[in-house]
Amino acid sequence: MGDYESKLKSKAMDYLCEAVLSLKTKEECYRFFDDICTINEIKALEQRLQVAKMLKNKKTYLDIASATGASTATISRVNRCLNYGSDGYRIVLERLNSNI
């Protein structure tokens, strides 16, 4: 069992994952996230993914903070996840990059 599984694994989390995987369009994603998250939660998720993308593209912390408004603590946390996390960012970024 991966570290992420020991921290997150539950029937409720399985249900959430199944819910996200059931979404088929961007419109459905907008609707779901609008209902399930606050605007601040959505913006935080959006920001972290942009930070991860910029880190992968070798941007500096200063450039990332300026472009995204992320704190150095957030940038550092995302960087730590990219380097030592569960590979979630890597999987998503590679798949998004291959779809361009």
Side-chain angles (χ1 to χ4, degrees):
M1 182 182 303
D3 190 39
Y4 66 92
E5 288 178 318
S6 64
K7 290 187 285 188
L8 298 174
K9 188 76 174 155
S10 70
K11 287 185 180 188
M13 186 62 187
D14 285 350
Y15 193 70
L16 176 60
C17 290
E18 289 169 18
V20 170
L21 290 169
S22 77
L23 300 170
K24 300 203 183 328
T25 65
K26 284 183 192 175
E27 177 68 22
E28 288 180 358
C29 288
Y30 274 99
R31 289 169 178 259
F32 179 70
F33 285 107
D34 186 45
D35 283 350
I36 200 167
C37 297
T38 66
I39 293 298
N40 287 341
E41 290 166 337
I42 293 168
K43 292 295 182 187
L45 295 171
E46 174 186 293
Q47 181 186 67
R48 289 178 197 151
L49 186 56
Q50 289 305 308
V51 168
K53 179 180 166 187
M54 293 180 80
L55 285 167
K56 280 298 235 186
N57 290 331
K58 307 294 186 208
K59 301 293 183 194
T60 67
Y61 275 36
L62 187 59
D63 288 340
I64 295 168
S66 177
T68 67
S71 68
T72 54
T74 296
I75 298 168
S76 195
R77 182 184 185 286
V78 172
N79 194 45
R80 192 169 44 256
C81 289
L82 280 170
N83 291 314
Y84 307 108
S86 301
D87 284 337
Y89 281 121
R90 182 191 57 76
I91 291 165
V92 167
L93 292 171
E94 284 178 3
R95 288 183 183 160
L96 289 172
N97 196 34
S98 69
N99 290 333
I100 296 175

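What you are looking at is a predicted structure, and each value in this text was computed from that prediction instead of being measured.
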Carboxylate-amine/guanidinium proximity below 4.0 Å for E46 and K43: yes

D63: partners by side-chain hydrogen bond (donor to acceptor under 3.5 Å, both in side chains), with sequence neighbours left out: T60

From K59 atom NZ to K53 atom NZ, the distance as rounded to the nearest 0.5 Å: 10.0 Å

E41 (side chain) donor-acceptor with C37 (main chain) under 3.5 angstrom: no

ILVMFWY cluster, V20 and L45 together (side-chain gap under 4.5 Å): no

Partner set under side-chain hydrogen bond (donor to acceptor under 3.5 Å, both in side chains) for T68, not counting sequence neighbours: none

Donor-acceptor under 3.5 Å (D34 side chain, Y30 main chain): no

Nearest atoms (heavy-atom pairs only) where A70 meets V51: CB-CG2, 3.7 Å

Note, Y89 side chain near L55 side chain (heavy atom, < 4.5 Å): no

Atom pair CD1/CG of I75 and L82 - distance to nearest 0.5 Å: 12.0 Å

Side chain to side chain contact (heavy atoms under 4.5 Å, CB included) assessment of I36 paired with L16: CA-CA 10 Å; I36 200 167; L16 176 60; 3.9 Å; yes

Side-chain (N97) to main-chain (L93) donor-acceptor, under 3.5 angstrom: no

Spacing of S66 atom OG and M54 atom CE [to the nearest 0.5 Å]: 8.0 Å

CE-CD distance between M13 and E18, expressed to the nearest 0.5 angstrom: 11.0 Å

Distance, nearest 0.5 Å, that separates NZ of K56 from CG of N79: 10.0 Å

Nearest atoms (heavy-atom pairs only) where T72 meets Y61: O-CE2, 4.2 Å

Under the side-chain hydrogen bond (donor to acceptor under 3.5 Å, both in side chains) test, residues paired with R77 that sit two or more places apart: none

Pairwise distance OG(S86) to CG(L8) - rounded to 0.5 angstrom: 8.0 Å

Any donor-acceptor pair under 3.5 Å from S22 side chain to A19 backbone: yes

